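Before any comments, here is the structure.
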Amino acid sequence: MKDISTLEGFKPISGLKPLGGNRDLLNETDGTDSGEKTPFVDFLKDRLSQVNDLGLDADKKMESALLGEEVNPHATMIAMQKADIAFSLLLSVKQRLETAYQTLIRMPIG
């Protein structure tokens, strides 16, 4: 099992041992056939970066339109909608993760 104590902000709980089996819950395949695995944290960072890039692209197109530069209004609106949908999805995932965390915290031990 991979040592997760190297993750940023992770503080292990003393006395707990990893579950048996060869499942690695922190890794997820990256969708390629190479067999390499990408850590889940890197997966999340990549998705956050993509949402940020969509927002920056929409901001740049809107700023160009406001400055009177020649831009395609359809492309500007599509970029804004993409950024809005991506951000809404990101908030939905964040809320689901928070709910899952709260559920785990409330579970009785024993």
Side-chain angles (χ1 to χ4, degrees):
M1 184 122 189
K2 190 174 187 176
D3 180 24
I4 59 173
S5 62
T6 59
L7 296 175
E8 295 175 21
F10 179 79
K11 294 181 178 139
I13 300 172
S14 61
L16 292 180
K17 296 181 181 176
L19 298 173
N22 58 5
R23 295 183 304 159
D24 191 356
L25 298 177
L26 287 180
N27 284 335
E28 180 176 298
T29 58
D30 60 0
T32 62
D33 291 316
S34 65
E36 293 181 23
K37 294 188 174 201
T38 304
F40 185 65
V41 173
D42 291 341
F43 174 79
L44 286 178
K45 286 181 183 179
D46 183 45
R47 296 307 175 253
L48 285 171
S49 176
Q50 288 178 356
V51 171
N52 186 47
D53 291 344
L54 286 171
L56 292 174
D57 182 49
D59 285 346
K60 187 189 314 180
K61 288 184 179 185
M62 181 57 88
E63 185 177 329
S64 295
L66 291 174
L67 291 174
E69 297 174 6
E70 197 168 316
V71 293
N72 183 349
H74 298 291
T76 303
M77 292 303 293
I78 290 171
M80 290 176 56
Q81 286 298 313
K82 282 183 181 180
D84 183 51
I85 290 169
F87 190 70
S88 296
L89 180 62
L90 178 68
L91 285 179
S92 176
V93 169
K94 177 190 114 6
Q95 290 170 348
R96 294 276 178 127
L97 287 172
E98 285 178 355
T99 303
Y101 174 76
Q102 291 298 326
T103 302
L104 286 174
I105 291 298
R106 291 188 200 122
M107 286 179 115
I109 297 176

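Just so it is clear, the structure is predicted and the values come from calculations on it, not from any experiment. Keep in mind that the numbers below use all heavy atoms, side chains included, and drop hydrogens, waters and symmetry copies.
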Which distance, rounded to the nearest 0.5 Å, do you find between the [atom1] of [X] and the [atom2] of [Y]?
X: Met62; Y: Met77; atom1: CE; atom2: CE; answer: 6.5 Å
X: Asp53; Y: Lys60; atom1: CG; atom2: NZ; answer: 9.5 Å
X: Thr76; Y: Asp59; atom1: OG1; atom2: CG; answer: 11.5 Å
X: Ile78; Y: Asp57; atom1: CD1; atom2: CG; answer: 11.5 Å
X: Lys94; Y: Thr99; atom1: NZ; atom2: OG1; answer: 9.0 Å
X: Asp46; Y: Gln50; atom1: CG; atom2: CD; answer: 4.5 Å

Between [X] and [Y], is there a shared hydrophobic cluster once you connect ILVMFWY residues whose side-chain heavy atoms come closer than 4.5 Å?
X: Leu90; Y: Val93; result: no
X: Leu48; Y: Leu91; result: yes
X: Leu66; Y: Met80; result: yes

If you count every heavy atom of other residues, nucleotides or ligands that lies below 6.0 Å from Glu63 atom CD, does the total exceed 12? no
Leu54 and Ala83: which non-hydrogen atoms are nearest, and at how many Å? O-CB, 3.7 Å
Checking the side chain of Ser92 only, and the main-chain atoms of Ser88 only, is there a donor and an acceptor separated by less than 3.5 Å? no
Ignoring hydrogens and angles, tell me if any N or O in the side chain of Ser49 forms a donor-acceptor pair with the backbone of Lys45 under 3.5 Å. no
